[in-house]
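Both backbone and side-chain heavy atoms feed into the values below; hydrogens, waters and symmetry mates do not. Being a predicted model, the structure only gives us computed values, none of them experimental. Residue numbers begin at 1 in each chain, while the letters A, B, ... track the order of the sequences.
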2 protein chains.
Amino acid sequence: MARTAGSFGGVTGPRVLSTAQRLFARHGYAAVSMRQIASEVGVQAGALYNYIPDKQSLLFDLMRTHMDEVLQAWEDEPHPTGDPLAELEAFTRFHVRFHLERREAVFIAYMELRNLDPENLEALLARRKAYEESLTDILRRAKAARLVSISDPKVAAYGVIAMLTGVQTWFKDGGDLSREKVADIYWEMTRGAVGAMRG
Amino acid sequence: MARTAGSFGGVTGPRVLSTAQRLFARHGYAAVSMRQIASEVGVQAGALYNYIPDKQSLLFDLMRTHMDEVLQAWEDEPHPTGDPLAELEAFTRFHVRFHLERREAVFIAYMELRNLDPENLEALLARRKAYEESLTDILRRAKAARLVSISDPKVAAYGVIAMLTGVQTWFKDGGDLSREKVADIYWEMTRGAVGAMRG
DNA sequence: GTCTATATCTCGATAGAC
DNA sequence: GTCTATCGAGATATAGAC
């Protein structure tokens, strides 16, 4: 019956991932050593290799998992279909909410692309492209229905996503604005940016 | 008369800076070694220390210089005063143009804040804040004159700057869109995002 | 599953010859 | 001003005992 301390429920593995995520987000992948991660997990550096093959895999696992969760979360998000503007509002609020809920993972996903091996980079960019495409598709249909005044749905999608993602660089809980209120503001800005009719 | 090869016109010093800028932008500060920089400059690692006291100073010099140049360039940029919407258009076009002209420096300025020593970070954030404030000020006056529909000039400034800066993540020269045309699109999106009257 | 110990390598920075 | 040589530290990853 007796088992090794760390194996109860398999807590060490997940702790390696969450600790690495926190440290990578705070100091950057290249600036964080395996010894630092091990130290915060509470094991020796060598023990990490029971859970991950190497440092690069650790980074890629975090980034791939994050992107898969974003894609899955948007797929699962209840949102209307058939009304492009309603879809755009749902996407905007979803993106702001999700990016405020997962700030560490979001930060890593945007900052550490350069540190991915070529094949890992390719895999990650494919997922990012799929996510961007879900917004571009909404904007394309909105344009076709003459609900927005944009000329280039792809460029508009880049602009909107950059604007929305930026919320995580300044927002602080406990300030003047609630997350709800911030989402309202960003939806107002998004609606304006794409030239949607006010209604 | 004879001087050491590298000292003619003092070319090595600037080359250290430009090489470091290129490498930091491409691979990240922490991932680039002094030996790499020296190798691309064409000298041995030890020779770098004739031009810079240490690696951290090299990073800070690049970032501080960039921010000072942004601030100076906007100050020198001919733009109307007194008409907040005309100022906003000038700022938008200036920001897009400048950020496409200095992509390496811009990239570093946004990605390497975490690698600055505390006192250097403070100095850099003060400059960034001053730049953001020049946009916030425009938006505040535009709001006072009821030319825009935003509720919070500070949040609107964050949103606009994030949207505009994002142009450097996707724009490629030689594609379907010229820089001029891209600036037109971003001005259209900015005008909409702040809820400016169409005129 | 974690430990200690270590192999192998690279890092930033310095010293001193020329 | 650049070189060679090197110091001391810290890096990733592995081996083998328990």
Exercise. Please answer whether the main-chain N or O of B:L85 pairs with a side-chain N or O of B:D83 as donor and acceptor at a distance below 3.5 Å.
Key: yes

Quiz item: If you check every side-chain atom of A:R35, which of D:dT12, C:dT14, C:dG1 has the closest atom?
Solution: D:dT12

Quiz item: For the atom pair NE2 (A:H95) and CE (A:M163), what is the distance rounded to the nearest 0.5 Å?
Solution: 10.0 Å

Quiz item: What nucleic acid atoms does A:V41 come within less than 4.0 Å of, heavy atoms only: base, sugar-phosphate, or nothing?
Solution: nothing

Quiz prompt | Polar side chain donor-acceptor pair, A:Q72 to A:D76, under 3.5 angstrom | solution = yes

Quiz item: Starting at CG of B:L23 and ending at P of C:dG12, how long is that distance when rounded to a whole Å?
Solution: 12 Å

Exercise. Report the distance from atom CG of A:N50 to atom P of D:dA15, rounded to the nearest whole Å.
Key: 13 Å

Exercise. Using whole Å, report how far CD1 of B:I37 lies from P of C:dC11.
Key: 11 Å

Self-check item: Nearest-Å distance for atom pair CZ/C1', residues A:R15 and C:dT2
Solution: 14 Å

Practice problem: With DNA chain D as reference, determine whether A:A45 or B:A47 sits nearer its 5' end, using the nearest nucleotide of each. | Solution: B:A47

Quiz item: When the distance from OH of B:Y49 to P of C:dC11 is rounded to whole Å, what number comes out?
Solution: 11 Å

Quiz item: Has B:T12 got a side-chain N or O lying under 4.0 Å from the OP1 or OP2 atom of D:dG1?
Solution: no

Practice problem: Send over the distance from B:L58 CG to C:dG12 P, rounded to a whole Å. | Solution: 11 Å

Exercise. Assess the pair A:Y131 and A:W74: is the distance between their ring centroids shorter than 6.0 Å?
Key: no

Self-check item: OP1 or OP2 of C:dT10 under 4.0 Å from side-chain N/O of B:S33
Solution: no

Quiz item: At under 4.0 Å, does any side-chain N or O of B:Q44 touch on OP1 or OP2 of D:dT4?
Solution: yes

Quiz item: To the nearest angstrom, how far is A:M34 atom CE from D:dG10 atom C1'?
Solution: 14 Å

Quiz prompt | Side-chain ion pair, B:R140 and B:E133, N-O less than 4.0 Å | solution = yes

Quiz item: Please give, in whole Å, the distance from C:dT2 C1' to A:L48 CG?
Solution: 11 Å

